[in-house]
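To start, the structure under review is shown below, and the notes come after it.
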Protein chains: 2
Amino acid sequence: MSRISDATITRLSQYYRSLASLEEGGQEMVSSMALARKHGVTPAQVRKDLSCFGQFGTRGLGYSVCQLKETIARILGLHRIWNVALVGAGSLGSALISYKEFKRQGFHIVAVFDNDLDKVGKKRRGLTILDIRRLPQMVKKLDINLAIIAVPKDAAQSVADLLIKAGLKMILNFAPISLKASPGITIRNVNMAIELEALSYRLVADKSFRPGNNPQLTPV
Amino acid sequence: MSRISDATITRLSQYYRSLASLEEGGQEMVSSMALARKHGVTPAQVRKDLSCFGQFGTRGLGYSVCQLKETIARILGLHRIWNVALVGAGSLGSALISYKEFKRQGFHIVAVFDNDLDKVGKKRRGLTILDIRRLPQMVKKLDINLAIIAVPKDAAQSVADLLIKAGLKMILNFAPISLKASPGITIRNVNMAIELEALSYRLVADKSFRPGNNPQLTPV
DNA sequence: GTCGGATTGTGAAAGTGTTCACAAGCATGG
DNA sequence: CCATGCTTGTGAACACTTTCACAATCCGAC
Ligand SMILES: NC(=O)c1ccc[n+]([C@@H]2O[C@H](COP(=O)([O-])OP(=O)(O)OC[C@H]3O[C@@H](n4cnc5c(N)ncnc54)[C@H](O)[C@@H]3O)[C@@H](O)[C@H]2O)c1
Ligand SMILES: NC(=O)c1ccc[n+]([C@@H]2O[C@H](COP(=O)([O-])OP(=O)(O)OC[C@H]3O[C@@H](n4cnc5c(N)ncnc54)[C@H](O)[C@@H]3O)[C@@H](O)[C@H]2O)c1
């Protein structure tokens, strides 16, 4: 079987959230149709996504909410706890530390690093900020699996190098720069400014701009 | 010409960043090849992306860094200032207020709203937190174009409804729930937990799990 | 003026992801 | 125990995206 697409994994994450709330509501079964409607996709899409990993439904009835939720949890690795290192104890970093959704999904931020010696030793939500130079040592000691980068963009690449040298293979980067992943290393870049730009593109496009029909777009 | 894909818009945003830094470095021209290498895509991809909007290059030479940057700015709507409302002055909201990249791209957060009366009237980075009930009035007064939702997930849908009722058409949502967009309204959902889940999926998949070859994945 | 080297712009081909459509299969009720 | 109604699982069709490949064309050197 071929590699699973990123889009499928993203949708599984979304289904997982719906299943959790259906379970809370006490619902036992759910059909691909019901799940699809909640996420604006087709029922066939839901079934295809799941069929990549096996057969989990019962024809005529649908899927067991609880079983499907557990299954997706295992697929996504949510059935266990991941130890996460956060680098950069600035405003975004501090917000992320207090983000409860991470912990709820099994992502525990177990260490925060910074290179600002004024911050090192201070606390953020019960976590002592550590000197970035202790990173290699702590990755081993705390059995860290994942890292989050929340440092200014000029420091991001060097922090990524450091993390990779310390043995980490999975990095979530919030600095607005596309970090490159060497083979075997996975880096996901989250860029919030780009999200806003997609909106402003639409705002412009809807109003005045039609592709191929826009004289003032020609280079000056 | 057909509708431009989201992927293309995202890449334009990324090219834009490279162009800005090339311009700072004083470079005059850039080839599709050079731009492609910076972003891990093919040169053909770069050219196709640009060709959706017109012809901006010179054969044999490449693209003028400065002109191409301005052109993309116009396509994405970065040549002007957008007034942004932020709803939710919690930890994420406060981080977003101090996020300089937004302002640099022309996204000015001009108002912050909250429903917690203890917070209303207090300041965040020079912005006074306003009572959410004043939102409709302020959208008009401040000519607000875009909104960012940074409230807990249970409040997100009702805040979205409120924003739409106040006349806003573009919303960036950070609550971990997929808000649905009625026709004419665009909502982009940013879900950071999903980003981590994509990483943990890979971590699990790389180690032990191969699709279609995983006995313990069968429902219990 | 024209030749050579370089790079664009773009149809066509290849590759991916999504939707369709229906046989297969299960639970329930008579 | 079989007919009925519903929903899954999946190959095939379709749609969209990316890559290929090359003619078009521009600059600068001679
Ligand atoms: N603030 C936001 O809302 C927001 C939103 C999206 C993305 N971002 C991005 O996230 C990153 C952090 O943003 P922020 O607003 O928290 O910035 P910040 O300046 O508040 O914090 C950055 C922190 O990183 C530390 N740091 C700098 N270099 C370091 C290094 N080499 N090693 C370890 N630590 C180092 C600094 O000491 C500081 O504590 C930036 O790249 C920013 O563009 C921020
Ligand atoms: N903290 C993070 O790093 C982080 C990261 C990603 C996503 N998020 C999401 O962003 C949202 C906000 O997170 P947070 O950590 O800032 O939470 P928070 O509790 O610190 O802040 C939420 C704010 O929203 C306000 N609020 C609640 N209901 C409201 C309403 N109906 N109208 C106006 N304001 C209202 C609250 O008074 C509070 O000030 C949540 O949905 C969270 O899941 C947070």
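Below, chains carry the letters A, B, ... as their sequence lines are ordered, and counting in each starts from 1. If you're wondering where the values come from, they're calculated on a predicted model, not measured in any experiment.
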query: Between B:Ser98 and A:Ser91, which heavy-atom pair has the shortest distance, and what is it?
result: OG-OG, 3.3 Å

- line: Closest heavy-atom pair, A:Ser178 versus B:Gln14, reported as atoms and distance to 0.1 Å, is OG-NE2, 4.0 Å

query: Given atom CZ of A:Phe56 and atom C1' of D:dT10, what is their separation to the nearest angstrom?
result: 15 Å

Nucleotide nearest A:Tyr63 (side chain, heavy atoms from C-beta), chosen from D:dG9, C:dT10, D:dT18: D:dG9

Phosphate OP1/OP2 of D:dC16: any B:Arg3 side-chain N/O under 4.0 Å: no

message: Using whole Å, what does the distance between atom P of nucleotide C:dA21 and atom CE of A:Met33 come to?
response: 14 Å

- line: Separation of C:dG15 atom P from B:Lys48 atom NZ, nearest Å, is 16 Å

- prompt: B:Gln45 side chain: which of C:dT19, D:dT19, D:dT7 is closest?
  reply: D:dT19

- prompt: Considering heavy-atom distances to DNA chain C, does A:Thr42 or A:Thr58 have its closest nucleotide positioned more toward the 5' end?
  reply: A:Thr42

- request: Establish, from distance only, whether the side-chain atoms of A:Arg202 and B:Thr186 form a donor-acceptor pair under 3.5 Å.
  value: no

task: Pick base, sugar-phosphate or nothing for B:Thr8, based on heavy-atom distances below 4.0 Å to the nucleic acid.
output: nothing

query: How close or far is atom C1' of C:dG9 from atom CG of B:Asp49, stated in whole angstroms?
result: 13 Å

message: Output the rounded distance in Å from CG (B:Leu50) to P (C:dT8).
response: 9 Å

Closest listed nucleotide, where the reference is the side chain of B:Arg47 and the choices are C:dA12, D:dC22, C:dT19: D:dC22

- prompt: Separation of A:Gln67 atom CD from D:dT8 atom C1', in whole Å?
  reply: 15 Å

message: Can you confirm whether B:Gln27 is buried at CD, in the sense that more than 12 heavy atoms of other residues, nucleotides or ligands lie under 6.0 Å from that atom?
response: yes

message: From the set C:dT8, C:dA27, D:dC27, return the single nucleotide nearest to any side-chain atom of B:Leu61.
response: D:dC27

query: Closest heavy-atom contact between A:Asn173 and A:Asn189?
result: ND2-OD1, 2.9 Å

- prompt: Any idea which of C:dA27, C:dA24, D:dC20 is nearest the A:Arg59 side chain?
  reply: C:dA24

task: Rounded to the nearest angstrom, tell me the gap between atom CG in B:Leu35 and atom P in C:dT8.
output: 10 Å

query: Roughly, in whole Å, what's the span from CG in B:Asp6 to P in D:dT18?
result: 11 Å

query: Just to confirm, is there a sub-4.0 Å distance from OP1 or OP2 of D:dT25 to any side-chain nitrogen or oxygen of B:Gln55?
result: no

